[in-house]
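Please read all numbers here as calculations on a predicted model, not as lab measurements. Order of listing sets the numbers, starting from 1, for every ligand and every atom in it.
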Amino acid sequence: MTTITLVRGDITRQSVDAVVNAANSSLLGGGGVDGAIHRRGGPAILADCRRLRASHHGKGLPTGQAVATTAGELDARWVIHTVGPVYQASGGDPSLLASCYRESLKIADELGARTVAFPAVSTGAYGWPMADAARIAVEAVRAADTAVEEVRFVLFDDSAYQAFAELIG
Ligand code: ADP
């Protein structure tokens, strides 16, 4: 049974087995959550990402997929990088956003992670409306067949926290 918890705060400050990064497909860093994770986690994470680019992920990580690296100096064992879909004027593909959560939990299971912290993937630079992204995230986690015991959504501001809180009883 997976318990969903909500925290308002900074995902790089969480003590969990795995921290999920809202990465971009280059895996080589960016702004938002990605920048914060690399800043606080230190260079070991980027070194691992570069190794992935030199081996299994030569073309980068496709949208909706996930891959793990060390967590460097974060208080976690792994960072699971996932690439959310971009929300455009015509909308975004919700199945790809759901896939980020499902694939991240699949990687967490392969690693043996029991506590996993997620940001609200795609709701920053990628522009997905928070309420809709929150619904997709919570539904995807509830539908997942996973041994992860705690999924912790870490929301950066009050409105993000409220959007998730409305869905979690
Ligand atoms: P994306 O490119 O997938 O949209 P972003 O990192 O730009 O990813 O933003 C995703 C969400 O994470 C946004 O709601 C943003 O406010 C939030 N966010 C940014 N920094 C942090 C942080 N340190 N911890 C938790 N959430 C964060």
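Residue contacts with ligand 1: D34 is placed with no nitrogen or oxygen under 3.5 Å of a nitrogen or oxygen of the ligand (distance criterion only). Some N or O of T123 is nearer than 3.5 Å to an N or O of ligand 1, by distance alone. Polar contact with ligand 1: absent for A22 (N/O pair, distance under 3.5 Å).
When hydrogens are left out, the protein atom nearest atom 24 (N) of ligand 1 is I11 N, 2.9 Å; that is the closest non-hydrogen contact. For atom 7 (O) of ligand 1, the closest non-hydrogen atom of the protein is A125 N, 2.9 Å. Atom 6 (O) of ligand 1 has as its closest protein heavy atom V33 N, 2.8 Å. Counting protein heavy atoms only, atom 23 (N) of ligand 1 is closest to D10 OD1, 2.9 Å.
Side chains of R40 and R13 form a contact here, defined as non-hydrogen atoms less than 4.5 Å apart. H81 has its side chain within reach of C49: a pair of non-hydrogen atoms, C-beta onward, lies under 4.5 Å apart. The shortest side-chain heavy-atom distance between I4 and R142 falls under the 4.5 Å cut-off. D132 is listed as a side-chain neighbour of R135, based on a closest heavy-atom distance under 4.5 Å. Under the 4.5 Å side-chain criterion, counting only non-hydrogen atoms from C-beta, V83 is not in contact with P62. Using a 4.5 Å cut-off on side-chain heavy atoms (C-beta onward), H57 and S25 make no contact. Side-chain atoms of Y87 and T123, non-hydrogen and from C-beta on, never get closer than 4.5 Å to each other.
Under the side-chain contact (heavy atoms from CB on, under 4.5 Å) test applied with V151, the options L6, V141, T115 reduce to a single match, V141.
Taking every heavy atom of M130 and a limit of under 4.0 angstrom, the matching atoms of ligand 1 come to 14 (O). Of all atoms in ligand 1, listed by their number and element, those nearer than 4.0 Å to a heavy atom of A120 are 10 (C), 11 (C). The ligand atoms of ligand 1 that sit less than 4.0 angstrom from a heavy atom of G32 are 6 (O), 20 (N).
Protein non-hydrogen atoms do reach within 4.0 Å of atom 11 (C) of ligand 1.
Heavy-atom separations between S122 and ligand 1 include at least one value shorter than 4.0 Å. Note on ligand 1: G9 sits in its first shell, one or more heavy atoms being nearer than 4.0 Å.
Salt-bridge annotation for D48 and R51: present, with a side-chain N of the basic residue lying under 4.0 Å from a carboxylate O of the acidic one.
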